Amino acid sequence: YKRQEFERLENFDAFEVVDPTTLTTRPLDMIWVSEHRSGKLKKRLCVRGFQKTSGPKDSLYSPTPFPETMKVLLALAHLKGYSVCTADVSRAFLHSRIKEEVAVWPPAEWQELHQDWTSAWLLHCSLYGLKEAMVDWDDFFAEVATGQHNDDSFEKHLHMRRLKSDTSAFYDPGTDVVLSKHVDDLLIVGPARAVRYVLDALKVHLLLKETPPLELEQKVQHLGRIIKRKPYGFTLRSRDELFDSLFELSLIHISEPTR
């Protein structure tokens, strides 16, 4: 898995190998972080970002959507019979580019693989652990959604605008498509063909995994909620794991029905 992680970083052109004496900043350390997901153990290479003391301290945060935004989008979808899709951006932070010099010491496994114990990595992309990673990713996604990354060679273009009421949401008045973003999780609502166009346009810039449009009586998980499409609208409920935790902590209980 560690060799695969190195290959992913190389595919994203995430770093270049440099002589540390040519750097103007001190390289940061890296660490492997374990993550249990879907019954599997995964390892992710992260930067010890707390070691970084330079850079702006007032621009490290990115917006998150209001809970009401999801409800408004689902109500809109039901009212107009719109398509509802969710998508996930794989390796989201690796899509964004770093705006300043950030270098790291490679992990020991890479050093042994390449027999190189003296070089450093000059990062081109944001990695997990960096303080600015979240805002760098948010800036990059906004540029993609609003068309600042468009090029004449691209077959599909996006020209959405960011909402002032919720800066995590983007709207295209020409197609009536609305997109809500929470880090790497997307919720897209609009006419079916227009939603398909937006997804294809995003795939030009992003490594995107999408779910099929939500049909009647089908459900999908999004931001810890189960969304189900019904003839009379949409239902929202928490994941079963939440109720299991509440039961285990004796915070809720099931009582016998009264007759």
Side-chain angles (χ1 to χ4, degrees), residues 35-40 42 62-92 137-138 141 144-145 158 160-163 165-203 206-258:
E35 179 184 16
H36 291 272
R37 180 178 295 184
S38 302
K40 297 181 180 180
K42 296 184 179 181
S62 63
T64 55
F66 293 115
E68 295 79 10
T69 299
M70 182 190 301
K71 298 178 181 179
V72 170
L73 295 188
L74 295 178
L76 176 67
H78 176 66
L79 180 65
K80 296 191 174 184
Y82 280 170
S83 178
V84 175
C85 289
T86 61
D88 175 76
V89 183
S90 300
R91 303 283 167 172
W137 156 243
D138 183 71
F141 185 88
V144 170
L158 291 177
M160 309 183 84
R161 62 179 178 85
R162 202 166 200 166
L163 298 185
S165 57
D166 186 343
T167 53
S168 296
F170 299 82
Y171 175 59
D172 186 345
T175 61
D176 212 24
V177 172
V178 188
L179 182 155
S180 176
K181 179 184 75 72
H182 182 270
V183 189
D184 56 358
D185 294 311
L186 311 180
L187 176 66
I188 307 173
V189 171
R193 295 183 64 178
V195 169
R196 180 71 265 163
Y197 182 94
V198 169
L199 287 169
D200 291 341
L202 289 174
K203 287 182 177 180
L206 308 173
L207 187 59
L208 203 66
K209 295 186 296 184
E210 61 178 280
T211 60
L214 205 57
E215 303 291 344
L216 280 178
E217 301 301 334
Q218 289 184 344
K219 58 185 178 181
V220 67
Q221 181 174 302
H222 183 68
L223 302 184
R225 297 288 187 270
I226 304 297
I227 305 174
K228 188 172 184 178
R229 190 160 203 162
K230 307 288 287 187
Y232 52 80
F234 292 85
T235 60
L236 281 173
R237 69 175 181 85
S238 299
R239 296 182 304 175
D240 294 336
E241 291 86 345
L242 173 61
F243 292 103
D244 292 340
S245 300
L246 294 176
F247 277 121
E248 188 174 354
L249 295 171
S250 300
L251 296 178
I252 60 175
H253 67 280
I254 298 178
S255 59
E256 292 294 331
T258 58

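Note that the structure is predicted; figures quoted are calculated from it, not measured.
For the pair D172 (side chain) and V177 (backbone), a donor-acceptor distance under 3.5 Å is absent. The backbone N or O of T86 lies less than 3.5 Å from a partner atom in the side chain of T211, making a donor-acceptor pair. Side-chain atoms of R237 never come within 3.5 Å of backbone atoms of I226 as a donor-acceptor pair (strictly under, hydrogens ignored).
Atom NZ of K219 and atom NZ of K230 lie 10.0 Å apart (nearest 0.5 Å). To the nearest 0.5 Å, atom CZ of residue R225 and atom NZ of residue K71 are 8.5 Å apart. The NZ atom of K209 lies 9.0 Å from the CG atom of D184; values are rounded to the nearest 0.5 Å. Taken from CG in L202 to CG in L207, the straight-line distance is 12.0 Å, to the nearest 0.5 Å. Put simply, OH on Y171 and CG on D176 are 4.0 Å apart, with the number rounded to the nearest 0.5 Å. The CG atom of L73 sits 5.5 Å away from the CG atom of L187 when rounded to the nearest 0.5 Å.
The minimum heavy-atom distance between H222 and I227, with the atom names listed, is CB-CD1, 4.0 Å. Between S83 and A192, the closest heavy-atom pair is CB-CA, 3.8 Å. Nearest heavy-atom pair across T175 and A194 is CB-CB, 3.7 Å. Minimum interatomic distance between V178 and L76 (heavy atoms only, all atoms of both residues): CG2-CD2, 4.3 Å. A pairwise comparison of heavy atoms in P231 and H78 identifies O-CE1, 3.4 Å as the closest pair. Of all the heavy atoms in V84 and F234, the pair that sits closest is CG2-CZ, 3.8 Å.
No salt bridge links R229 with E217; every basic N to acidic carboxylate O contact stays at or beyond 4.0 Å.
Here the side chains of L216 and Q218 are not in contact, with every heavy-atom distance at 4.5 Å or above. Looking only at side-chain heavy atoms (C-beta outward), K80 and V189 stay at 4.5 Å or farther from each other. At least one side-chain heavy atom of M70 sits under 4.5 Å from a side-chain heavy atom of L236.
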Checklist entry - Between L206 and F141, is a side chain to side chain contact (heavy atoms under 4.5 Å, CB included) present by the stated rule, with each step listed? => result CA-CA 9 Å; L206 308 173; F141 185 88; 3.8 Å; yes
Checklist entry - Checking side chain to side chain contact (heavy atoms under 4.5 Å, CB included) for the pair F170/L158: CA distance, chi angles, key distance, verdict? => result CA-CA 11 Å; F170 299 82; L158 291 177; over 6 Å; no
